[in-house]
Amino acid sequence: MTYQEALDYIHSVTWKGSRPGLERITELCHRLGDPQNKLKFIHVAGTNGKGSTSAMLSAVLSAAGYRVGLFTSPFILRFNERMQVNGRDIPDDVLADVTAHVRPHADAMADAPTEFELITAIAFEYFRREACDIVVLEVGMGGRLDSTNVIPPESVVLSVITGIALDHTAFLGDTPEAIAKEKAGIIKPGTPILFGGAHPAVGSDEKTEIDYRAVAEVIRSVAEAQGAPYAETDHHRLSRVSCELDGATLSFGRLTELRISLPGVYQPYNAATVLTALELLEDRGYPVTEAHVRQGLTSVRWPGRFEILCRHPLVISDGGHNPEGVDAAVASAKAFFKEKIYLLSGVMADKDYHLMVRRMAEVAERVFTVRPDNDRALSAADYASAFREEGVPAEGFDTVELAVHAAMDACLKQNKALLTLGSLYMYGEVRAAVKAYTERSPL
């Protein structure tokens with residue numbers, strides 16, 4: 001099997017069953033010899049922030065000398081990003097080899113696995129072959145019935161829930177408490193659980209419409225029922241926070257002047273959860289030194305999170321794709337820019353995009369809308385109309401490239417910054433369009 005054949009096979013898998021739950025991934029892993037049972041995991045769930053949190057944890061543990069697997073979704077530029085060892089994507093030939101090994105087992109199942117279940121099994125087999133000391137395992141959606149939750153309780157070193165917001169309500173429930181209960185399904189008997197809590201950077205509880213005390217109580221009650229020690233990130237331990245477009249400096253408890261390379265005013269709060277998790281991991285047999293913490297936080301890279309794609313004109317990309325994620329990006333825009341900016345955005349039709357538009361209108365002077373390359377995407381015309389209803393001039397474009405080039409032209413003429421915000425599905429296209437623009441018109 002070649003690399004391209006592996007990708008074609010993975011993406012061609014269709015849903016052939018209607019039963020919810022972990023039956024398919026359990027059967028597939030059992031056919032493979034249960035590779036997940038031979039690994040140790042940090043299991044990370046949450047509505048927002050779980051990708052950045054997972055990346056920082058992986059970077060610090062890698063700096064400390066552990067062999068660290070990292071499983072995330074979705075990928076940004078290449079599929080291989082979804083499974084890494086010590087910060088390196090799975091090589092093309094290895095992905096092909098592991099997929100060829102998994103395929104006959106998946107094909108032999110009467111109830112075929114979903115695409116995400118197949119990818120999860122491939123990742124487990126890869127990490128087993130790589131003899132990882134620990135795997136930072138990001139949940140795909142929810143927690144209780146997510147395919148990553150097939151991992152056995154004894155294999156989980158720490159469970160983390162970064163935060164709760166209203167997203168995927170058709171699957172997870174239509175209240176924050178219901179969503180919290182689904183995500184709390186990753187909690188294992190006797191294994192510590194860390195809740196990231198509210199991020200002050202994204203606004204007040206009233207603005208985000210989340211009662212974090214009620215959410216925390218749901219998670220705490222599940223932890224108590226499982227006999228799992230409950231911990232919560234104490235954001236009051238953060239001090240001397242200074243955010244710039246190329247990262248942030250912060251102090252956390254006795255650790256002073258820490259530098260993180262991830263921009264966005266929300267990242268120090270993700271870092272606080274990471275630093276709390278590292279304290280818990282030390283008690284679980286995974287110690288790290290202060291030097292390792294500094295090295296890891298400085299070296300971590302995570303694209304699409306208030307990332308600078310171009311400096312003239314200034315183009316920033318952020319993957320905020322639900323109300324809380326948009327709140328975080330808007331808070332960063334307000335912190336870094338004294339006046340309103342231009343916005344380029346695309347969104348899924350099943351999101352609460354009217355609420356997101358109201359949030360974005362707070363910082364947007366002009367908007368360029370696109371339709372992400374996804375069946376669930378909202379049309380560019382309908383999206384532009386929603387902005388105009390909020391009093392913000394907006395125009396829809398047929399392609400991402402046309403929108404990016406028109407927006408960058410306008411930014412140069414008006415000396416404006418451009419924030420591209422919305423679905424991560426369009427990140428690759430936006431990045432390619434920005435690159436094509438700068439190559440066409442070197443500045």
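A 4.5 Å side-chain heavy-atom check between Asp97 and Asp93 finds every atom pair outside the cut-off. In this structure, the side chains of Leu245 and Pro263 stay at 4.5 Å or more apart for every pair of heavy atoms. For the pair Tyr126/Gln84, no side-chain contact is recorded, criterion being any heavy-atom separation below 4.5 Å from C-beta on. In this structure, the side chains of Ile219 and Ile187 come closer than 4.5 Å at one or more pairs of heavy atoms. A 4.5 Å side-chain heavy-atom check between Phe71 and Ile119 finds at least one atom pair inside the cut-off. Contact of the Glu23 side chain with the Asp111 side chain is not registered, since no non-hydrogen atoms from C-beta on lie closer than 4.5 Å. Proximity of Ser261 to Thr298: side-chain heavy atoms (C-beta onward) are nowhere separated by under 4.5 Å. Within the 4.5 Å cutoff, side-chain heavy atoms of Cys132 are placed close to those of Val85.
Within the 6.0 Å centre-distance limit, the rings of Phe306 and Phe336 are counted as a close aromatic pair.
Distance alone, capped at 3.5 Å, is enough to place a donor-acceptor pair between the Arg301 side chain and the Ser299 backbone. Counting only distance, with no hydrogens or angles, the side chain of Ser317 and the backbone of Gly304 share no donor-acceptor pair below 3.5 Å. The backbone N or O of Tyr66 lies less than 3.5 Å from a partner atom in the side chain of Asn86, making a donor-acceptor pair. The backbone N or O of Glu154 sits less than 3.5 Å from a side-chain atom of Lys40, completing a donor-acceptor pair. The backbone N or O of Val330 sits nowhere less than 3.5 Å from a side-chain atom of Lys334 that would complete a donor-acceptor pair. Judged purely by atom type and a 3.5 angstrom limit, Lys38 uses its side chain to pair as donor or acceptor with the backbone of Gly33. Without hydrogens or angle criteria, Glu130 side chain to Phe127 main chain gives no donor-acceptor distance under 3.5 Å.
Side-chain contact annotation: Ser159 with Thr191, donor-acceptor N/O pair under 3.5 Å absent. Side-chain N/O atoms of Tyr3 and Asn80 include a donor and acceptor closer than 3.5 Å. Between the side chains of Thr99 and Tyr9, no donor N or O sits under 3.5 Å from an acceptor N or O. The closest side-chain donor-acceptor pair between Ser155 and Gln36, if any, does not fall under 3.5 angstrom. For the residue pair Glu429/Tyr427, the side-chain donor-acceptor check at 3.5 Å is not satisfied.
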Note to self: Does Thr120 form a side-chain hydrogen bond (donor to acceptor under 3.5 Å, both in side chains) with Ser147? I'd like the steps, not just the answer.
What the structure shows: CA-CA 7 Å; Thr120 302; Ser147 67; 2.9 Å; yes
Practice task
Please test Thr72 against Glu81 for side-chain hydrogen bond (donor to acceptor under 3.5 Å, both in side chains), starting from the C-alpha separation and ending with a verdict.
Solution key: CA-CA 8 Å; Thr72 60; Glu81 299 166 19; over 6 Å; no
- Show your working on side-chain hydrogen bond (donor to acceptor under 3.5 Å, both in side chains) between Lys188 and Asn149 and close with a plain yes or no. CA-CA 10 Å; Lys188 302 296 187 291; Asn149 209 29; 2.7 Å; yes
Inset, instruction - Go through Leu258 and Leu275 one step at a time and tell me if the side chain to side chain contact (heavy atoms under 4.5 Å, CB included) criterion holds. - result: CA-CA 11 Å; Leu258 294 173; Leu275 293 167; 3.7 Å; yes
(request) Would you please test Ser251 and Arg240 for side-chain hydrogen bond (donor to acceptor under 3.5 Å, both in side chains) and show each step? (result) CA-CA 6 Å; Ser251 295; Arg240 300 177 185 175; 4.7 Å; no
Show, in sequence, the C-alpha distance, side-chain angles and deciding distance for Arg237 and Glu279, and conclude whether the salt bridge (charged side-chain N to carboxylate O under 4.0 Å, His left out) test is met. CA-CA 13 Å; Arg237 296 176 66 190; Glu279 293 172 348; 2.8 Å; yes
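Rounding to the nearest 0.5 Å places CG of Leu32 at 10.5 Å from CD of Glu27. Taking OG1 of Thr273 as the start and NZ of Lys50 as the end, the distance is 14.0 Å to the nearest 0.5 Å. The OG1 atom of Thr53 sits 11.5 Å away from the CD1 atom of Ile42 when rounded to the nearest 0.5 Å. Note that the CZ atom of Arg129 and the CD1 atom of Ile90 stand 9.0 Å from one another [nearest 0.5 Å]. For the atom pair Leu194 CG and Leu281 CG, the distance stands at 9.5 Å (nearest 0.5 Å). Interatomic distance, Ile134 CD1 to Arg284 CZ, rounded to the nearest 0.5 Å: 9.5 Å.
When the salt bridge (charged side-chain N to carboxylate O under 4.0 Å, His left out) test is applied to Arg82, no partner is found at least two apart in sequence or on another chain.
Taking the six-membered ring where tryptophan is involved, the planes of Phe41 and Phe124 are perpendicular, since the angle between them exceeds 60° and thus also 30°. Using the six-membered ring where Trp is involved, His11 and Phe75 have ring planes that are tilted, between 30° and 60° apart.
Residue Lys435 qualifies as open at atom NZ: its count of foreign heavy atoms under 6.0 Å is 12 or below.
A salt bridge links Glu290 with Arg294; the closest basic N to acidic carboxylate O contact falls under 4.0 Å. The pair Asp107-Arg31 does not count as a salt bridge, with every side-chain nitrogen at least 4.0 angstrom from each carboxylate oxygen.
Among the candidates Val367, Val347, Val370, the single residue satisfying the side chain to side chain contact (heavy atoms under 4.5 Å, CB included) test with Tyr383 is Val347.
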